Amino acid sequence: MLSEERKHLIEEACGVFGISGNSEAANLTYLGLHALQHRGQESAGIASLDHSGVLRIQRKIGLVSEGFTEEVIETLPGNVAIGHVRYSTTGESSIRNAQPIYASTKFGQIALAHNGNLTNAEFLRKKLEQEGSIFGTSTDTEVIAHLVARSRAKDIQGALIEALAQLEGAYSLVCLTKDFMAAVRDPRGVRPLVCGRLGEARVVASEQTAFQLIGARFDREIAPGEMLIAHKDGSEKWLKPFNAQRPTPCIFELVYFARPDNEVFGRNVYETRKQMGRILAQQSGVEADLVIAVPDSGMPASLGYAEESGIRFEIGLVRSHYIGRTFIEPSNSIRHFGVKLKLAPVNSVIRGKRVIVVDDSIVRGTTCRKIIKMVREAGAKEVHFRVASPPTTHPCFYGIDTPERSQLIASSHSTEEIRKYITADTLAYLSLDGLRQAVRAEVTDGESNFCDACFTGRYPIPVGSRQT
Ligand code: AMP
C-alpha cells in the first residue's frame with residue numbers, strides 16, 4: 001500500500017528564490033539558486049517576466065551551473081524572476097517534473113516554485129481529474145496551478161489565495177504573474193522562507209545563504225501563514241489570508257538539511273548542531289583517542305562532541321566535492337559505490353586509534369556501514385559511532401526526501417541490532433529530549449513546537465494511511 005502510494009508521489013525537497021525590482025533578476029536568481037544548491041541537485045529552473053509582460057521559463061536537469069549558461073540566462077530578461085532547485089526523488093526524475101511549473105489561465109500566465117509536500121495532493125488531484133483536469137506532471141505543485149485556473153475569484157490574487165486555502169501540508173511557495181511576485185508560507189511554517197532587500201529590490205529565498213551570496217540584506221522570516229505580494233511598481237502587500245494554526249517548523253532542517261552558515265527558524269544552524277554534539281557527548285561518553293566527523297553533515301556536531309568530551313578532534317575522513325550528495329543517486333547500487341567516490345580515510349590519523357565517528361543521522365544504515373568498514377580498513381582499533389539525532393523511525397511527508405518506513409533501519413531494529421549491522425563497537429543516538437534541548441524547543445504536554453515526526457511518528461498534519 002505504502003510503496004504503491006509513494007510511487008505516485010513526487011517528494012518536493014527543494015529550494016526556492018525570487019526577486020522583484022532588479023534589471024538583472026534572472027542572473028541574481030541563478031546566483032541565489034547556486035547558494036541553495038544543497039536543497040536540490042536534480043533539476044533547476046528560472047522563470048522571468050520580460051519587459052512586455054510575458055513569462056519566460058527555462059528548466060534544466062542537473063546542477064544550476066550545468067544547465068544555466070550565459071546564453072540560457074539571456075533568454076530570461078526582465079526585472080522579476082523566480083527560481084527553484086529540486087532534490088532527488090523517489091518518483092520520476094524527469095524534466096517534466098522540474099520547476100517552476102507554468103500555466104496559462106484565464107487570469108493570465110502563472111509560474112510556481114514550491115518547496116514542501118502537500119498531504120492532500122493525491123485527493124485534490126483525483127478530484128480535479130474526475131472533473132476533467134488533465135495533468136502534465138506528477139508533482140504536487142501542478143495541483144495548485146489547476147486550482148488557480150479553476151477559481152471563480154475576481155482576480156489572480158484572489159484565485160491564488162482560494163487555491164492555497166484548499167491545501168494541506170507543507171509549502172513555501174514563490175509565484176510569478178504578470179502583475180506581481182508572491183511568496184507564501186503554509187500556516188504551519190514547516191519549511192523555511194525568508195525575505196530581504198537588495199537595494200530597492202525585494203528578495204525572498206528558502207534560506208539566507210542565498211542573500212549572503214548576492215549581498216542582499218536579510219529582513220526577517222516570512223511568518224507561518226503569511227503571504228507577500230510584491231507588485232512590479234515596488235508597492236507591497238502583506239496578507240494573512242489563512243486560518244492560524246500552531247506552527248511546527250521542521251526540526252530536520254536544523255539537524256541536516258539547512259546550510260550551517262545560516263539562521264533557520266531563528267536558530268543559528270551551526271551552533272545548534274554543535275550543541276547537539278555537546279549533549280550527545282554528555283549522554284554517550286566513551287573512552288577513545290579521537291573524534292572524527294562524517295563530512296560534511298557530521299562536522300559541527302563532531303566539533304561539539306570533541307569540545308564537550310575533551311577528546312581531540314581530527315580530520316579522519318576527507319570528502320571529495322566533485323560529486324553530489326550520495327542520495328542524489330537514484331539506485332542503490334550506485335549509492336553504495338558512491339560512498340567510496342565521496343569519502344576517503346586519512347590513514348595516518350586513524351591507524352591504531354580508538355575512533356569516535358560522528359554523523360547527523362542514520363537513515364538506511366548503508367552509508368555508515370560502509371564508512372565504518374573504511375575506518376577499520378584504515379587501521380582503527382575501535383570504532384564508536386555517534387549520531388547527533390534520535391533514531392529516524394518515520395518517513396517525512398512534508399518535504400524531506402526519506403525512504404518509506406520499511407527502509408528506515410530504526411523503524412524495525414533496536415540500537416543494538418543496528419550496531420551489529422553497521423559493525424560498530426558501540427553505537428549511541430542523541431535522545432529526543434537532547435535534540436529538543438539543542439534546538440531550544442518549547443515542549444508542552446509532550447508536544448514540541450517543532451515537527452519531529454521523523455523521530456516520533458507524531459505527524460502534526462494528518463497523513464492518513466501513509467503513516468503505517
Ligand atoms: P545511511 O548511512 O544510509 O543511513 O545514510 C545516512 C547519511 O545520509 C547521513 O550521512 C546523513 O547525513 C544523510 N542523510 C540523512 N537524511 C538525508 C536526506 N533526507 N537526504 C540525503 N541525505 C540524508
Side-chain angles (χ1 to χ4, degrees), residues 6 11-15 37-42 85-90 93 115-117 170 191 250-260 269 273 276-277 280 292-302 317 319 323-343 357-375 383 385-413 415 417-419 421-424 427 429-430 435 451-455:
R6 285 182 72 89
E11 304 296 310
E12 301 294 344
C14 309
Q37 190 80 82
H38 60 287
R39 298 185 72 85
Q41 304 91 27
E42 187 189 277
V85 284
R86 180 152 179 266
Y87 207 46
S88 80
T89 67
T90 46
S93 60
N115 172 211
N117 258 158
R191 299 276 144 242
C250 165
I251 208 164
F252 204 67
E253 292 273 352
L254 291 166
V255 170
Y256 170 81
F257 207 47
R259 232 168 73 167
V269 179
R273 288 182 189 162
M276 291 170 195
L280 178 62
I292 69 169
V294 176
D296 295 327
S297 52
M299 200 58 99
S302 64
L317 292 165
R319 179 176 167 189
I323 62 154
R325 292 181 179 191
T326 48
F327 268 52
I328 71 167
E329 310 292 356
S331 83
N332 264 327
S333 55
I334 300 174
R335 184 165 49 245
H336 291 176
F337 181 56
V339 175
K340 272 194 198 150
L341 283 175
K342 184 178 153 187
L343 294 176
V357 183
V358 181
D359 202 356
D360 69 292
S361 58
I362 294 182
V363 182
R364 294 177 172 88
T366 45
T367 316
C368 58
R369 185 182 153 103
K370 298 265 170 196
I371 289 168
I372 291 171
K373 185 161 176 264
M374 188 181 271
V375 172
V383 184
F385 208 82
R386 294 291 177 272
V387 187
S389 62
T392 303
T393 49
H394 288 74
C396 178
F397 296 107
Y398 314 136
I400 297 284
D401 184 33
T402 34
E404 62 188 63
R405 188 150 186 228
S406 63
Q407 305 260 317
L408 297 171
I409 191 165
S411 73
S412 52
H413 294 80
T415 300
E417 286 166 342
I418 300 171
R419 181 198 68 75
Y421 172 72
I422 65 173
T423 74
L427 166 67
Y429 288 88
L430 181 63
L435 175 63
C451 172
D452 47 27
C454 49
F455 305 124

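Below, each value reflects all heavy atoms present in this structure, side chains not excepted, and no hydrogens, waters or symmetry copies. If you're wondering where the values come from, they're calculated on a predicted model, not measured in any experiment. Whatever order the structure lists them in is the order used to number ligands and atoms, beginning at 1.
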Contacting atoms of ligand 1, where contact means under 4.0 angstrom from a heavy atom of F252 = 15 (C), 16 (N)
query = Got a sec, which residues hit salt bridge (Lys or Arg N to Asp or Glu O under 4.0 Å) with D360, two or more places apart in sequence or on another chain?
reply = none
query = Side chain, backbone, both or neither: which part of D360 comes within less than 4.0 Å of ligand 1 when only heavy atoms are counted?
reply = side chain
key: salt bridge (Lys or Arg N to Asp or Glu O under 4.0 Å) partners of R369, counting only residues at least two apart   = none
ask   = Can you find a heavy atom in the side chain of V357 that is under 4.5 Å from one in the side chain of I372?
value = no
key: Residue S297 vicinity, atoms of ligand 1 by number, heavy atom under 4.0 Å   = 10 (O), 12 (O)
query = What atoms of ligand 1 come closer than 4.0 angstrom to any heavy atom of C368?
reply = 2 (O)
key: N or O contact, V294 vs ligand 1, cut-off under 3.5 Å   = no
ask   = Which ligand 1 atoms are under 4.0 Å away from a heavy-atom of R364?
value = 1 (P), 3 (O), 4 (O)
task = Check ligand 1 against I400 and write out every atom of the ligand that is under 4.0 Å from a heavy-atom position of the residue.
result = 19 (N)
inquiry  = Check whether R191 reaches the backbone of Y398 with its side chain - one donor and one acceptor, N or O, closer than 3.5 Å.
reply    = yes
inquiry  = Can you name the atoms of ligand 1, numbered from 1 with element, that are less than 4.0 Å from a heavy atom of T367?
reply    = 1 (P), 2 (O), 3 (O), 5 (O)
request  = Look only at interatomic distance and state if G365 has a nitrogen or oxygen under 3.5 Å from any nitrogen or oxygen of ligand 1.
outcome  = yes
message = If I take atom CD1 from residue I400 and atom CZ from residue F257, how far apart are they, to the nearest 0.5 angstrom?
response = 5.0 Å
ask   = Which of these, F385, Y256, F257, has its nearest heavy atom closest to atom 18 (C) of ligand 1?
value = Y256
ask   = Under a 4.5 Å cut-off applied to non-hydrogen side-chain atoms, are S411 and H394 in contact?
value = no
inquiry  = Quick check: closest heavy atoms across M276 and L435, and the distance to 0.1 Å?
reply    = CE-CD1, 3.7 Å
request  = Pull out every atom of ligand 1 sitting under 4.0 Å from any heavy atom of D401, numbered as shown with elements.
outcome  = 18 (C), 19 (N)
message = Is the shortest side-chain heavy-atom distance between I422 and T366 below 4.5 Å?
response = no
Contact check, side chains of V358 and R386, non-hydrogen atoms, under 4.5 Å = yes
task = Give yes or no for whether the N/O distance cutoff of 3.5 Å, strictly under, is met between I362 and ligand 1.
result = no
message = Does ligand 1 come near enough to D359 that some N or O of the ligand is less than 3.5 Å from an N or O of the residue?
response = yes
